[in-house]
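See below for the structure under consideration.
FYI, side chains are in, hydrogens and waters are out, and symmetry mates aren't considered; it's all heavy atoms of this structure. Chain naming here is simple, since letters A, B, ... match the order of the sequence lines and numbering starts at 1 in each.
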There are 2 protein chains.
Amino acid sequence: MSTKPRGMDGVNGWRELSARTIFLHQAIADHLGLNITDHKCLDIVLTHGPMTAGRLAEDSALTTGAITGVVDRLEKKGFVRRVADPHDRRKTMIEAVPESLAEIEQIFARLAQKTAEITARYSEVERAAIDDFAHRGATMIDAFVRELRSKSS
Amino acid sequence: MSTKPRGMDGVNGWRELSARTIFLHQAIADHLGLNITDHKCLDIVLTHGPMTAGRLAEDSALTTGAITGVVDRLEKKGFVRRVADPHDRRKTMIEAVPESLAEIEQIFARLAQKTAEITARYSEVERAAIDDFAHRGATMIDAFVRELRSKSS
DNA sequence: GAAATATATCTTAGATACTAAGAATTATAC
DNA sequence: GTATAATTCTTAGTATCTAAGATATATTTC
């Protein structure tokens with residue numbers, strides 16, 4: 001007997017949603033003309049705000065050498081820029097270029113709108129539960145990822 | 001002024017959760033000794049059940065040439081096997097090797113358990129809303145991804 | 001049923017992006 | 001001021017992707 005399709009076991013819809021999320025990020029990256037790594041790094045910079053190249057390397061789990069390439073490409077396309085840190089000239093701060101973000105913002109705005117259309121179906125209490133679940137889920141995954149990494153061979 | 005951190009705009013927790021999901025998949029892949037592409041493809045095979053190499057190429061948005069490499073590596077590591085389709089000998093069915101999946105199943109079981117711990121906090125009605133949101137969200141993302149791809153340059 | 005066309009996967013060549021190690025620059029400690 | 005540390009970049013080697021075409025099998029047409 002071959003493996004049964006999963007997806008409906010355990011906690012039902014979440015696994016399905018999480019699989020689609022992967023494809024969504026891929027599709028957004030394609031649409032912006034970025035590879036998946038560069039898009040992930042841009043997303044980290046957008047979420048975190050200006051940060052050093054080294055911090056970006058840590059957060060993305062890439063080497064600093066790889067980050068040099070990532071930032072080169074993102075800078076060439078105008079999404080981020082390098083800014084020298086005046087207090088420590090070894091450091092390079094990476095920051096998003098606001099003028100370049102219109103297309104990304106538009107994508108996320110449309111996503112937010114479509115999500116809002118879905119949540120409009122629910123009561124106040126239900127919406128709060130969904131939001132709470134997302135927060136707790138994010139925290140749980142954070143811990144889980146750290147656990148996985150610590151046990152890594 | 002630089003770009004504000006996002007994450008709390010629109011529909012609050014979901015964007016946060018979705019960002020962590022990306023890291024989770026990366027961490028699981030690392031833990032299994034797979035690259036992210038191979039892990040994604042394995043996940044597709046597990047979710048979908050046995051499928052042809054060509055179908056896997058479509059679903060993963062890779063070329064058939066890339067899939068040859070993916071399946072070679074997954075097969076070498078014992079996660080999947082190629083089985084000739086008796087009805088059409090051009091086709092190669094890719095199927096998971098059940099005996100190899102203990103570690104993956106364990107990871108997902110632990111994730112499911114931790115998710116269950118979270119959902120235990122909620123009422124029946126709230127749980128239903130969370131589940132419903134996940135399903136509708138998955139469907140919405142599906143449509144969104146197709147829309148993005150169709151508008152691609 | 002033979003030839004032409006279509007389909008499915010694999011192979012190859014070239015491009016891209018990663019890691020690991022170390023170089024170059026700047027900061028900190030003694 | 002010299003030694004050590006920290007930060008980013010560079011380089012060499014490797015892995016994996018795409019695009020194009022080769023190979024094998026199936027289907028259609030005559």
(message) What I want to find out is whether A:Arg15 reaches B:Asp43 closely enough, with some N-O distance under 4.0 Å, to be called a salt bridge.
(response) yes

(request) Evaluate the side-chain proximity of A:Leu46 to A:Phe108: yes if any heavy-atom separation is below 4.5 Å, no if none is. (result) no

(request) In whole angstrom, give the distance that lies between atom CG of A:Asp72 and atom P of D:dT11. (result) 12 Å

(message) Side-chain heavy atoms nearer than 4.5 Å, only ILVMFWY residues, links allowed to pass through others: does that put B:Leu111 and B:Ile130 together?
(response) yes

(request) Just call it for A:Ala66: base, sugar-phosphate, or nothing, with non-hydrogen atoms closer than 4.0 Å on any strand. (result) base

(request) Name the residue closer to the 5' end of DNA chain C, choosing between B:Gly69 and B:Lys91 according to the nucleotide with the nearest heavy atom. (result) B:Lys91

Kindly list each side-chain donor-acceptor pair under 3.5 angstrom involving residues 63-71 of chain B, sequence neighbours excluded, with atom names and distances?
unit_1: B:Thr63; atom_1: OG1; unit_2: B:Ala66; atom_2: N; d: 3.2
unit_1: B:Thr68; atom_1: OG1; unit_2: B:Thr64; atom_2: O; d: 3.2

(message) Rounded to whole Å, how long is the line connecting atom CD of B:Glu58 with atom C1' of D:dT18?
(response) 17 Å

(message) Is there a side-chain contact between A:Asn35 and the phosphate of C:dT16, meaning an N or O under 4.0 Å from OP1 or OP2?
(response) no

(message) Give me the stems containing DNA chain C, sorted by first residue, counting only three or more consecutive Watson-Crick or G-U pairs with both distances under 3.5 Å; say none if there aren't any.
(response) C:1-30 with D:1-30

(message) Looking only at the side chain of B:Thr92 (C-beta and beyond, no hydrogens), which of the listed nucleotides D:dC17, C:dC10, D:dA26 gets closest?
(response) C:dC10

(message) Under 4.0 Å between a side-chain nitrogen and a carboxylate oxygen: does that hold for A:Arg82 and A:Asp72?
(response) yes

(message) Does D:dT10 have its OP1 or OP2 closer than 4.0 Å to a side-chain nitrogen or oxygen of A:Thr68?
(response) no

(request) Would you mind reporting whether A:Phe133 and B:Phe133 have side-chain heavy atoms less than 4.5 Å apart? (result) no

(request) Could you state the atom-to-atom distance from CZ of A:Arg73 to C1' of C:dT16 in whole Å? (result) 8 Å

(request) Output yes when B:Arg55 and B:Asp59 qualify as a salt bridge under the 4.0 Å nitrogen-oxygen rule, no when they do not. (result) yes

(request) Rounded off to whole Å, could you give me the CG-to-P distance for the A:Asp85 and D:dT7 pair? (result) 11 Å

(message) So, does A:Arg55 get its side chain near the phosphate of D:dT7, meaning an N or O under 4.0 Å from OP1 or OP2?
(response) no

(message) How many whole angstroms separate atom CE of B:Met93 from atom C1' of C:dT7?
(response) 16 Å

(message) Check this for me, if you would: do A:Arg20 and B:Asp142 make a salt bridge, where the nitrogen-to-carboxylate-oxygen distance has to be below 4.0 angstrom?
(response) yes

(request) May I have the distance from B:Ile94 (atom CD1) to C:dC10 (atom C1'), rounded to whole angstrom? (result) 12 Å

(message) I need the CD-P distance between B:Gln26 and C:dT19, as an integer number of Å.
(response) 9 Å

(request) Using the salt bridge (Lys or Arg N to Asp or Glu O under 4.0 Å) rule, take B:Asp131 and B:Arg136 through it: C-alpha gap first, then chi angles, then the decisive distance, then the call. (result) CA-CA 9 Å; B:Asp131 205 53; B:Arg136 290 184 193 277; over 6 Å; no

Quick test: give all pairs of protein nitrogen or oxygen and nucleotides 22-25 of chain C nitrogen or oxygen below 3.5 Å, distance rounded to 0.1 Å.
none

(request) Identify which nucleotide among C:dT9, C:dC18, C:dT26 has an atom closest to any side-chain atom of A:Asp88, counting heavy atoms from C-beta outward. (result) C:dT26

(message) What is the separation between atom CG on A:Leu62 and atom P on D:dC9, rounded to the nearest whole Å?
(response) 14 Å

(request) Please determine which of B:Arg121, B:Gln113, B:Lys114 meets the side chain to side chain donor-acceptor pair (under 3.5 Å) test together with B:Glu117. (result) B:Gln113

(request) Measure from the side-chain heavy atoms of A:Thr63 and tell me the nearest of C:dT19, C:dT9, D:dA19. (result) C:dT19

